[in-house]
Asks: 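Provided herewith is a single structure, encoded as structure tokens, for subsequent inquiry.
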Amino acid sequence: MIDPKRIRENPDEIKKLLARRKCPVSVDEVLSVDEERRKLQAERDTLRHDLKQASDAIGKLKREGKDASEAMAKTKELSAKTKELDVKLSEIEARFEGLLWQLPNLPDPAATDEDTVLRSWGKKPEFDFEPKDHVALCEELGLVDFRYAAEYVGARFAAYTGDGALLQRALANFCLDLHTKEHGYKEVFPPVLARAESADAAGQLSKLDDMYALRDDPLYLIPTSETALINMHMGQELKEEELPLKYTAYTSCFRREAGTYGTQTKGLFRIHQFEKVELVQFAHPDRWRAAFDEILSNAERVLQLLQLPYRIKALSPAEAAFQASLTFDIDLWAAGAEDWLEVSSVSNCRDFQARRNKTRLRLKDGNLIYPYILNGSGTAFPRLIIAILENNQQPDGTVRIPDKLRPYMDGKDYIGK
RNA sequence: GGAGAGGUGGCCGAGUGGUCGAAGGCGACCGCUUGCUAAGCGGUUGUACGGGUAAAACCGUACCGUGGGUUCAAAUCCCACCCUCUCCGCCA
């Protein structure tokens with residue numbers, strides 16, 4: 001949520017910033033509803049003040065043992081009028097809130113309107129044979145059973161089998177070990193279901209159609225563990241001294257992604273359930289950049305240790321998620337697909353989510369503000385698996401396991417040998 | 001899922017219709033004080049929205065799990081729901 005005061009005080013600035021991204025409501029509408037709301041509140045407050053005084057007077061009369069029936073009859077009318085205004089006010093307040101919640105986060109001033117590749121790392125592998133894509137490799141090495149998954153649950157799901165399942169588990173342990181032991185994150189294993197309000201706080205209810213809902217309970221399968229982690233302190237007051245708070249979680253993520261058929265849907269590329277290690281930091285607003293850079297480098301470290309070539313791309317505000325102010329994507333090079341695959345998205349959401357879930361920050365000077373919440377994948381597995389398989393494939397159809405992953409893969413050097 | 005108990009400020013905890021934004025305690029902050037490892041004394045200390053201000057001060061309203069209701073008046077009475085704890089059931 002954007003600070004409503006900021007909208008009121010700098011409407012032109014807000015309009016200009018929001019023009020850079022998809023925004024379903026107009027700032028002018030927000031402003032006019034706000035004005036109406038303030039007017040109504042002033043009226044209601046005055047009326048209620050009078051009512052309170054009248055009631056107090058009645059109390060006094062009664063305590064003194066005097067007759068208050070006349071005063072009570074008179075006050076009844078005042079009470080009715082106040083209630084009428086109460087109803088009107090809460091209606092307009094709800095409308096105001098509703099509009100506010102539909103406004104996407106303001107883009108960072110530094111964000112460019114075109115996606116921009118900032119830098120890259122590693123060398124694309126070269127082959128003296130025709131490299132296969134991951135679907136072929138998975139089938140030949142028995143790593144994923146797409147047929148079974150399709151029959152069992154439906155299209156665009158994966159069932160990892162044998163060394164494929166082991167690889168998945170190895171990556172989870174590898175990433176979690178790295179982030180907890182070397183990068184200082186606290187590991188969380190959260191529920192993968194969330195209430196609507198929790199998802200809404202994260203900003204994900206704006207993509208309601210993308211979430212799986214349960215039939216009998218008002219719960220949703222989380223599209224990312226960001227949903228779970230950014231709500232770790234909902235309703236709480238954090239102390240400046242305890243920042244930054246750093247959390248990591250390995251969970252399955254669920255996305256319906258209706259309407260994305262046709263583009264890059266082969267194999268593991270875009271599936272309805274995927275696994276991901278997420279990184280979230282709660283940071284002091286003044287130190288968000290350090291937290292942002294840290295999350296980015298934490299994610300990069302995974303790829304460096306696994307020797308996977310990648311590039312960092314600054315996302316345009318139009319591309320960024322509803323809740324994000326600044327986003328850098330990390331794209332992995334996949335040699336079989338001969339394409340870049342997004343494996344991580346690092347975002348600064350500023351105080352957007354903290355305002356929504358009422359996470360606040362008590363500063364040393366006593367002031368109460370909202371902390372900034374940042375997140376990033378560290379990283380998403382199906383695509384990591386695609387890149388590992390395609391980039392490390394050998395002429396004989398086996399796949400070399402990156403050195404750092406071997407301890408997690410029963411010490412094996414190759415998949416398929 | 002069933003039965004019972006409970007949800008009050010940063011924390012603990014009192015409060016069954018008006019004098020309650022809420023006793024008392026703890027913690028925190030400020031001041032004073034004291035020769036013995038830190039204690040004593042005094043004071044301050046919630047949030048949101050609106051008004052007001054250069055900014056404060058200040059003023060108003062709301063908030064005692066959430067949402068409704070009764071009443072001139074609700075932390076207090078009524079209804080529904082949510083959550084926590086205990087016991088039972090079910091279950092990995």
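Chain identifiers are assigned alphabetically (A, B, ...) following the order of the sequence lines, protein sequences preceding nucleic acid strands; residue numbering begins at 1 within each chain.
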Asks: In whole Å, what separates the P atom of B/G15 from that of B/C90?
Replies: 39 Å

Asks: Does this structure show an ion pair linking A/Arg406 with A/Asp403, if we count only N-O contacts that are shorter than 4.0 Å?
Replies: yes

Asks: Please figure out whether A/Lys60 or A/Asp34 has its closest RNA chain B nucleotide nearer the 5' end.
Replies: A/Lys60

Asks: Counting Watson-Crick and G-U wobble pairs only, both distances under 3.5 Å, name the nucleotide matched with B/C64, or none.
Replies: none

Asks: Report the base-pairing partner of B/A75 (Watson-Crick or G-U wobble, both distances below 3.5 angstrom), or none.
Replies: none

Asks: Can you tell me the distance, in whole Å, between the CD atom of A/Glu93 and the P atom of B/C49?
Replies: 11 Å

Asks: May I ask you to verify if any side-chain N or O of A/Lys52 is less than 4.0 angstrom from the OP1 or OP2 atom of B/A62?
Replies: yes

Asks: Does this structure show an ion pair linking A/Lys16 with A/Asp12, if we count only N-O contacts that are shorter than 4.0 Å?
Replies: no

Asks: Could you give the distance separating B/A75 and B/A23 at their C1' atoms, to the nearest angstrom?
Replies: 14 Å

Asks: Mind calculating the distance between CZ (A/Arg355) and C1' (B/A48) to the nearest angstrom?
Replies: 12 Å

Asks: In terms of relative ring orientation, are A/Phe292 and A/Trp288 parallel, tilted or perpendicular, with 30° and 60° separating the classes?
Replies: perpendicular

Asks: Measure CG/A/Asp50 against P/B/G60 and give the value in whole Å, please.
Replies: 12 Å

Asks: Please name the nucleotide paired to B/G35 by Watson-Crick or G-U wobble geometry with both distances under 3.5 Å, or report none.
Replies: none

Asks: Quick check for you: among B/C49, B/U19, B/C72, whose closest atom lies nearest to any side-chain atom of A/Arg63?
Replies: B/U19

Asks: Provide the distance between the two P atoms, one in B/A62 and one in B/G21, to the nearest whole Å.
Replies: 9 Å

Asks: Closest heavy-atom contact between A/Ser198 and A/Asn231?
Replies: O-ND2, 3.1 Å

Asks: Check the distance between B/U53's P and A/Glu9's CD and give it to me in whole angstrom.
Replies: 14 Å

Asks: In whole Å, I'd like the distance from the CD1 atom of A/Ile58 to the P atom of B/U19.
Replies: 13 Å

Asks: Go ahead and name the base partner of B/G17; Watson-Crick or wobble counts if both distances stay under 3.5 Å, otherwise write none.
Replies: none

Asks: Looking at the side chain of A/Glu237, which of B/A48, B/C49, B/G10 is the nearest nucleotide?
Replies: B/G10

Asks: Expressed as a whole number of Å, how far does the P atom of B/C26 sit from that of B/A39?
Replies: 12 Å

Asks: Does OP1 or OP2 of B/U61 have a side-chain N or O of A/Thr46 closer than 4.0 Å?
Replies: no

Asks: Mind calculating the distance between CG (A/Asp45) and P (B/G60) to the nearest angstrom?
Replies: 11 Å

Asks: Between B/U16 and B/U71, how far apart are the two C1' atoms, rounded to whole Å?
Replies: 16 Å

Asks: Would you indicate, yes or no, if B/G51 has its OP1 or OP2 atom less than 4.0 angstrom from a side-chain nitrogen or oxygen of A/Arg37?
Replies: no

Asks: In the structure shown, which nucleotide is the Watson-Crick or G-U wobble counterpart of B/A55, with both distances under 3.5 Å?
Replies: none

Asks: Do the side chains of A/Arg255 and A/Asp210 get close enough for a salt bridge, i.e. N-O under 4.0 angstrom?
Replies: no

Asks: Would you call A/Arg301-A/Glu182 a salt bridge at under 4.0 Å N-O?
Replies: yes

Asks: At under 4.0 Å, does any side-chain N or O of A/His49 touch on OP1 or OP2 of B/G60?
Replies: no

Asks: Scan A/Asp329, A/Asn375, A/Thr327, A/Asp108 and name whichever one has a side-chain hydrogen bond (donor to acceptor under 3.5 Å, both in side chains) with A/Ser347.
Replies: A/Thr327

Asks: Does any nucleotide pair with B/G10 by Watson-Crick or G-U wobble geometry, both distances under 3.5 Å, and what is it?
Replies: B/C26

Asks: Taking atom P in both B/G27 and B/A38, compute the distance separating them and give it to the nearest angstrom.
Replies: 14 Å

Asks: Using atom C1' of each nucleotide, how far apart are B/A80 and B/G24 to the nearest Å?
Replies: 34 Å

Asks: So, does A/Lys76 get its side chain near the phosphate of B/C72, meaning an N or O under 4.0 Å from OP1 or OP2?
Replies: yes

Asks: Using a 4.0 Å heavy-atom cut-off, does A/Ser55 contact any base of the nucleic acid, only the sugar-phosphate backbone, or nothing at all?
Replies: base

Asks: Suppose we define a pair by two distances each less than 3.5 Å, Watson-Crick or G-U wobble; what does B/A3 pair with here?
Replies: B/U86

Asks: Is A/Lys132 paired with A/Glu140 through a side-chain N to carboxylate O contact shorter than 4.0 Å?
Replies: yes

Asks: Given B/G50, B/U61, B/C72, identify the nucleotide with an atom nearest to the side chain of A/Ala42.
Replies: B/G50

Asks: Taking atom C1' of B/G10 as reference, at what distance in whole Å does atom CG of A/Asn367 sit?
Replies: 17 Å

Asks: Check every atom of B/A48, B/C72, B/C82 against the side chain of A/Arg195 and return the nucleotide holding the closest atom.
Replies: B/C82

Asks: In whole Å, what is the span from the CZ atom of A/Arg360 to the P atom of B/G46?
Replies: 13 Å

Asks: Under 3.5 Å, is there an N or O donor on one side and an acceptor on the other linking the side chain of A/Lys83 and the base of B/U71?
Replies: yes

Asks: Which of these nucleotides, B/U47, B/G18, B/G50, is closest to any side-chain atom of A/Lys62?
Replies: B/G18

Asks: When you match A/Arg362 and A/Arg48 each to their closest nucleotide on RNA chain B, which lands nearer the 5' end?
Replies: A/Arg362

Asks: Base, sugar-phosphate alone, or nothing: which one does A/Leu78 contact when heavy atoms must sit under 4.0 Å apart?
Replies: nothing

Asks: Looking only at atom C1', what distance separates B/C20 and B/A14, rounded to whole Å?
Replies: 12 Å

